[in-house]
Amino acid sequence: MDDYVRSVEAALFAANGPLSLDDIALYAGEGDVAAALASLADHYAGRGIELVERGGRWHFQTAPDLAHLLRREREEPRRLSRAATETLAIIAYHEPVSRAEIEAIRGVQISRGTLDVLMEAGWVRTAGRRESPGRPLTYATTADFLTHFNLGSRRDLPGIDDLKAAGLLDPLDEEALQLQLESGEDED
Amino acid sequence: MDDYVRSVEAALFAANGPLSLDDIALYAGEGDVAAALASLADHYAGRGIELVERGGRWHFQTAPDLAHLLRREREEPRRLSRAATETLAIIAYHEPVSRAEIEAIRGVQISRGTLDVLMEAGWVRTAGRRESPGRPLTYATTADFLTHFNLGSRRDLPGIDDLKAAGLLDPLDEEALQLQLESGEDED
Amino acid sequence: MGEDEGQFEEVGGGSGDDALTLSLDGWEGPLDLLLTLARQQKVDLHQISILALTEQYIAYIESARALKLEVAADYLVMAAWLAYLKSALLLPKDPEIDPSPEELALRLQLRLQRLDAMREAGARLLGRDRLGRDVFARGAPEGLRLVRKSAWQANAFDLYAAYGRVRARTQPAMHVVAHRAVMTLEDAIARVSALLGQALDWTTLEAFLPADADPAYRRSALASSFVAALELARQGKLDLSQDAPFEDLRLRARAA
């Protein structure tokens, strides 16, 4: 077996979390990281462990079809409220998205804690300010979000292509925000 | 690949510690655990990961010959501080020399870290205690010091006359600056 | 989203009655209530009857008020807006109104679709094979560590320069005051007094200075001559005049 592939395998195996290509090279040394990863992914396909890429970072994990064996109780690692779940979905499908846009889609103000919970989980981050009036802060998902939900990239979000085609992910026009104001608590 | 072997593989991978045969059966269900383990041990032999048994318990670990990957040392060049350079020079010229003597020669106290840095760099070592009141610890330079500074022996250190000839014993910069201020307005 | 089932509990023990239990606490805002009511129509959201939905919503809010339940302002605002929309939809078309009621109804429908899509996306997201619940990372990784080590750098010149610096700093130093050409005050008084006799009119102080002197001596002479001029003025031997600060200082012998 190729010594470099062995090194990449060992580094990924020993790591506490997913590794980027740069991280891998840092530990395994210089070499064709991409080729080594391809060879490993190929080797592990169909085994009890698989090598996956999530948002540009690689890690080993158990095969999903063995979930029933390893899961002692189907306990959610983090129980999300309905508001947090919807907010997370809106951020993931629309990112980068401002708080006002999230509120416009949900038709209700989001409480302080909702975004905090998502950021604390490490799934959502701030993504800079938008260059529009008021320069609102925007939010986006993180690499950890992709890792946790087993998504190679945002393109793997369930149904994203259909939603896009149906125009349901288009940027909200001003009228939608207007409607939000009309139905919001403030009447001005 | 055998489904039972896959299950054993995944269970061992996800476990928080080594598993006994009974532990494994608890996850993977009834089956020929021993045969599965033998098959896995065989499969992983020579890879970056290996399956090992310790006191009747099994676990995966990084191949021992790749252990150096787990703890990478990265050298970052850092310039020796002025205090450390002066201290090193005093030790080189006066060794063996105690801390109090170094401070007397420098005219300034030295911080704890200064000698530590020189010892970490491998240029200075302790050289026993002096048989005088308080039995102070003394310091001297190492063979690495001579190598690094390209000196055959300490006799190769330039003497006071050499330093003077090189202009290195000239009055301090501060005094030169002072003179310049006094004659400031004159055209030079 | 099992925990939310409570809000959708139907009155009449599953008799198929469309009425919802009257509690406003469970809704996440008026849009949420609208979406739930729309779902009651059991048709695709594209084909939803906005008119029917509007009536349902208004009826719901009114029965809540009849029961003296507290209804938050945003629900009332939505009810008012829907009442307006309903009447606009029923009235004969007025081409002046922009956007048209049909356009507004379409936008409302789109909003419901958007919220519905995100609600479903959230549920699908939570249902995926999640790390730590369905798939597992290695339980006891050895961990990777990067140990940063300092590679200390210094060269021989630094070393010798440092030693030279220490020696220069701590060696006993002998301070010698350099000889400088100075005009004493006594000399200056004598000189100004002597020259003053020859100058009958106002004369600048500079004119009393030795012309050929080096710059350092000239500065000393200027300072001493200035003090000498003040002293002679004090003694009543000369007058001083200056037009403005930093202008030329002029001297003249005082008439006897």
Side-chain angles (χ1 to χ4, degrees), chain A residues 1-20 22-31 33 35-52 58-75 77 147 150, chain B residues 1-33 35-52 58-76:
Chain A
M1 181 183 179
D2 184 323
D3 258 351
Y4 191 66
V5 176
R6 282 186 79 224
S7 300
V8 172
E9 185 182 34
L12 285 163
F13 186 75
N16 283 313
L19 298 181
S20 69
D22 287 349
D23 293 336
I24 294 169
L26 195 65
Y27 290 97
E30 289 305 315
V33 181
L37 288 169
S39 142
L40 286 171
D42 193 42
H43 173 82
Y44 280 94
R47 297 193 63 89
I49 306 169
E50 55 186 33
L51 180 62
V52 293
W58 295 76
H59 72 271
F60 281 117
Q61 66 181 26
T62 57
D65 66 299
L66 299 174
H68 62 286
L69 296 176
L70 305 175
R71 189 170 52 211
R72 262 152 294 185
E73 63 258 65
R74 193 174 169 96
E75 189 183 306
T147 302
N150 263 294
Chain B
M1 183 180 176
D2 183 325
D3 255 352
Y4 193 67
V5 177
R6 287 181 77 227
S7 305
V8 174
E9 187 181 34
L12 285 165
F13 174 81
N16 286 320
L19 298 182
S20 67
L21 298 189
D22 287 348
D23 294 334
I24 295 169
L26 203 62
Y27 287 106
E30 287 308 313
D32 192 343
V33 180
L37 288 169
S39 146
L40 286 172
D42 190 44
H43 174 80
Y44 279 98
R47 297 192 64 87
I49 304 168
E50 58 184 35
L51 182 62
V52 291
W58 294 77
H59 69 112
F60 280 119
Q61 68 175 28
T62 309
D65 67 304
L66 297 174
H68 64 281
L69 299 180
L70 308 188
R71 197 187 134 90
R72 275 279 175 186
E73 290 198 346
R74 187 155 66 172
E75 296 222 317
E76 292 179 349

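Just so it is clear, the values below take in all heavy atoms, side chains as well, and ignore hydrogens, waters and symmetry mates. In the text below, chain A, chain B and the rest are named by the order of the sequence lines, each starting its count at 1.
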>> Which atoms of L26(A) are under 4.5 Å from chain B, going by heavy atoms: the side chain, the backbone, both sets, or neither?
In response: both
> Side chain, backbone, both or neither: which part of E50(A) has an atom under 4.5 Å from a heavy atom of chain B?
Replying inline: neither
> Quick check: does any side chain N or O of R6(B) sit under 3.5 Å from a backbone N or O of G46(A), one acting as donor and the other as acceptor?
Replying inline: yes
> Is it the side chain or the backbone of H43(B) that comes within 4.5 Å of chain A heavy atoms, both, or neither?
Replying inline: side chain
> So what's closer than 4.5 Å to chain B heavy atoms on Y4(A): side chain, backbone, both or neither?
Replying inline: neither
> Hey, what do you get for CZ (F13(A)) to OH (Y44(B)), rounding to the nearest 0.5 Å?
Replying inline: 7.5 Å
> In terms of heavy-atom proximity below 4.5 Å to chain A, should D2(B) be classed as side chain, backbone, both, or neither?
Replying inline: neither
> With a 4.5 angstrom heavy-atom cut-off, which part of D3(A) approaches chain B: side chain, backbone, both or neither?
Replying inline: neither
> Around atom CD of E30(B), are there more than 12 heavy atoms of other residues, nucleotides or ligands at under 6.0 Å?
Replying inline: no
> Which atoms form the tightest heavy-atom contact between A14(A) and L70(B), and what is the distance?
Replying inline: CB-CD2, 3.2 Å
> Closest heavy-atom contact between A10(A) and G48(B)?
Replying inline: CB-O, 3.6 Å
>> Just verifying a value: how many Å separate L69(B) CG and I24(A) CD1, rounded to the nearest 0.5 Å?
In response: 12.0 Å
> Where does L66(A) contact chain B at under 4.5 Å (heavy atoms): side chain, backbone, both or neither?
Replying inline: side chain
> What distance do I49(B) atom CD1 and I49(A) atom CD1 have between them, rounded to the nearest 0.5 Å?
Replying inline: 6.0 Å
> Relative to chain A, which segment of L40(B) carries a heavy atom at a distance below 4.5 Å: side chain, backbone, both, or neither?
Replying inline: side chain
> Which bit of Y27(A) is near chain B, if near means a heavy-atom gap under 4.5 Å: side chain, backbone, both or neither?
Replying inline: both
> Is the count of non-hydrogen atoms from other residues, nucleotides or ligands lying under 6.0 Å from E76(B) atom CD greater than 12?
Replying inline: yes
